[in-house]
Number of protein chains: 2
Amino acid sequence: MSARGSVPEATVARLPLYLRSLLALAGEGNTTVSSEQLAGAAGVNASKVRKDLSYLGSYGTRGVGYDVEYLIFEMSRELGLARERSVIIAGAGNLGQALANYNGFTDRGFPVAGIIDADEAKVGKMVSGVRVYAVADLPQLADGHPGCIGVVATPASVAQEVVDRFVEAGISSVLNFAPSVVSAPKGVTVRQVDLALELQVLSFYAGRNEAGRKIPRRVIGN
Amino acid sequence: MSARGSVPEATVARLPLYLRSLLALAGEGNTTVSSEQLAGAAGVNASKVRKDLSYLGSYGTRGVGYDVEYLIFEMSRELGLARERSVIIAGAGNLGQALANYNGFTDRGFPVAGIIDADEAKVGKMVSGVRVYAVADLPQLADGHPGCIGVVATPASVAQEVVDRFVEAGISSVLNFAPSVVSAPKGVTVRQVDLALELQVLSFYAGRNEAGRKIPRRVIGN
DNA sequence: GGTTGTGAACAAATTCACAGCG
DNA sequence: CGCTGTGAATTTGTTCACAACC
């Protein structure tokens with residue numbers, strides 16, 4: 001398939017996984033990788049890797065595999081990682097501070113441009129090297145970092161309001177950590193991460209496993 | 001459908017969303033809710049709500065809707081939230097401390113039982129009200145909190161090792177924040193949360209949106 | 001020989017549409 | 001009449017299996 005037909009969502013969600021694996025493989029000195037190897041590293045199966053890569057129109061070499069450096073290049077380009085994207089965090093509370101302090105963002109190419117907070121007492125302070133700005137400063141901050149990503153780390157009660165402000169400031173990518181459903185106009189992408197939700201899902205399966213274990217106490221031949 | 005056939009994964013992932021919405025609705029004094037309303041609150045569509053609820057075998061009343069309290073009860077039961085589950089965090093670094101400090105876990109019924117860390121200098125210290133334990137203390141800590149959930153907040157390089165230790169200690173639910181694919185024996189559920197991955201996915205769509213915007217500069221009638 | 005790229009088969013998830021019931 | 005519950009239709013995602021190619 002030749003590059004520009006829309007890439008399935010499920011595939012998009014796996015691209016960063018492949019990229020991460022490829023970077024690791026490159027670090028180990030591999031110059032070439034088969035779909036089988038890449039699948040192993042990314043924790044998926046080989047046909048999936050081949051299908052996914054085929055959506056990017058990337059070319060491997062039959063009988064050989066994919067060129068690691070070339071794939072990294074292609075994939076970074078697809079993911080828009082050539083261009084740096086800053087992150088603006090809304091909410092200087094627990095989670096906001098944690099995220100500002102979290103190296104994972106900066107390390108992987110998403111520097112934190114600032115934190116905005118409604119609490120005047122916090123404005124002007126530094127939180128692990130990141131300045132806290134007033135809500136009124138958001139438009140200016142966003143302008144200074146074109147293509148930046150807004151991160152919602154406020155209580156759920158104000159999440160929608162924050163998203164609206166982000167959108168007004170011209171931000172079109174939002175990562176929402178608040179446990180609340182938010183809406184945004186078309187053209188704005190919102191992704192939701194709810195930490196407690198993940199725990200609840202685990203709890204569901206834990207219940208099933210434990211319940212399941214009750215009956216087959218001593219199964220013959222297992 | 002009558003309760004015990006396996007609930008589809010996609011449905012399981014939405015149950016906490018419904019529960020959250022139901023709690024909000026109950027808080028507003030609603031005693032009854034239609035699939036349409038619940039769908040609105042949870043940000044999905046009504047048929048999905050009905051299908052999902054039907055997997056739980058929950059009964060609504062035709063012409064009326066669902067009883068809010070009853071649904072909350074049923075859903076909490078399904079999610080195993082009657083029983084409290086503690087969380088044990090591995091890694092007292094940036095992210096680990098942030099998570100320990102994050103009220104979102106405790107507030108929603110997942111108290112943090114402790115942090116384990118390989119660094120002897122940190123052992124015995126308190127991190128926002130949570131004690132740091134040595135790795136050797138893990139089995140005991142896990143025993144003291146049956147059905148607990150292990151959270152990996154270490155560097156990727158040791159994530160697999162940590163998961164192995166969790167499993168040895170009898171933990172069968174793991175939430176992995178390290179950007180690395182980990183494997184675990186059958187019967188152990190692992191969920192992956194990669195914060196930078198979310199940003200990369202946003203970056204992908206941002207690129208598409210921006211590229212798309214290049215051409216229709218001034219669209220008539222929009 | 002080995003590995004990709006991809007149609008075709010299969011499976012999962014979503015949406016439609018309406019019968020059934022309060 | 002209004003709303004649920006669910007089969008059927010559709011869409012999306014995964015896996016298979018193999019021809020094409022290096």
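Below, read A as the first sequence line, B as the second, and so on, with proteins coming before strands; counting in each chain starts at 1. The figures that follow rest on heavy atoms only: side chains count, while hydrogens, waters and symmetry mates do not.
- Rounded to a whole Å, the CG atom of A:L53 is 13 Å from the C1' atom of C:dT3.
- The backbone N or O of A:S34 lies less than 3.5 Å from a partner atom in the side chain of A:Q37, making a donor-acceptor pair.
- Evaluation of atom-type donor-acceptor distances gives no pair under 3.5 Å for the side chain of A:R62 against the base of C:dT3.
- Rounded to whole Å, atom C1' of C:dT3 lies 20 Å from atom NZ of A:K48.
- Heavy-atom distances to DNA chain D give each of B:Y66 and A:R14 a nearest nucleotide, and the one nearer the 5′ end belongs to B:Y66.
- Listed pair A:N45 / D:dT14 fails the phosphate criterion, with no side-chain N or O lying under 4.0 Å from OP1 or OP2.
- In this structure, A:N176 contributes its side chain and A:S180 its backbone to a donor-acceptor pair below 3.5 Å.
- A sub-4.0 Å separation between OP1 or OP2 of C:dT3 and a side-chain N or O of A:S35 is absent.
- For the pair B:V33 and A:R50, nearest-nucleotide mapping onto DNA chain D gives the more 5' position to B:V33.
- Under a 3.5 Å cut-off, the side chain of B:R20 and the backbone N or O of A:P179 do form a donor-acceptor pair.
- Test A:E78, A:R85, A:E84, A:R83 against B:S203 for side chain to side chain donor-acceptor pair (under 3.5 Å) and you get one pass: A:R85.
- Between the C1' atom of C:dG7 and the OH atom of A:Y55 lies a distance of 11 Å, rounded to the nearest Å.
- To the nearest 0.5 angstrom, B:L79 atom CG is 12.0 Å from B:Y18 atom OH.
- Here the C1' atom of nucleotide C:dC21 and the OH atom of B:Y59 are 12 Å apart, to the nearest Å.
- A salt bridge does not link A:E168 with A:R165: every distance from a Lys NZ or Arg NE/NH1/NH2 to an Asp or Glu carboxylate oxygen is 4.0 Å or more.
- Between the CD atom of A:E9 and the P atom of D:dT14 there is a distance of 11 Å, rounded to whole Å.
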What's touching nucleotides 8-10 of chain C from the protein side, N or O pairs under 3.5 Å?
from	atom 1	to	atom 2	distance (Å)
C:dA8	N6	A:K51	NZ	3.4

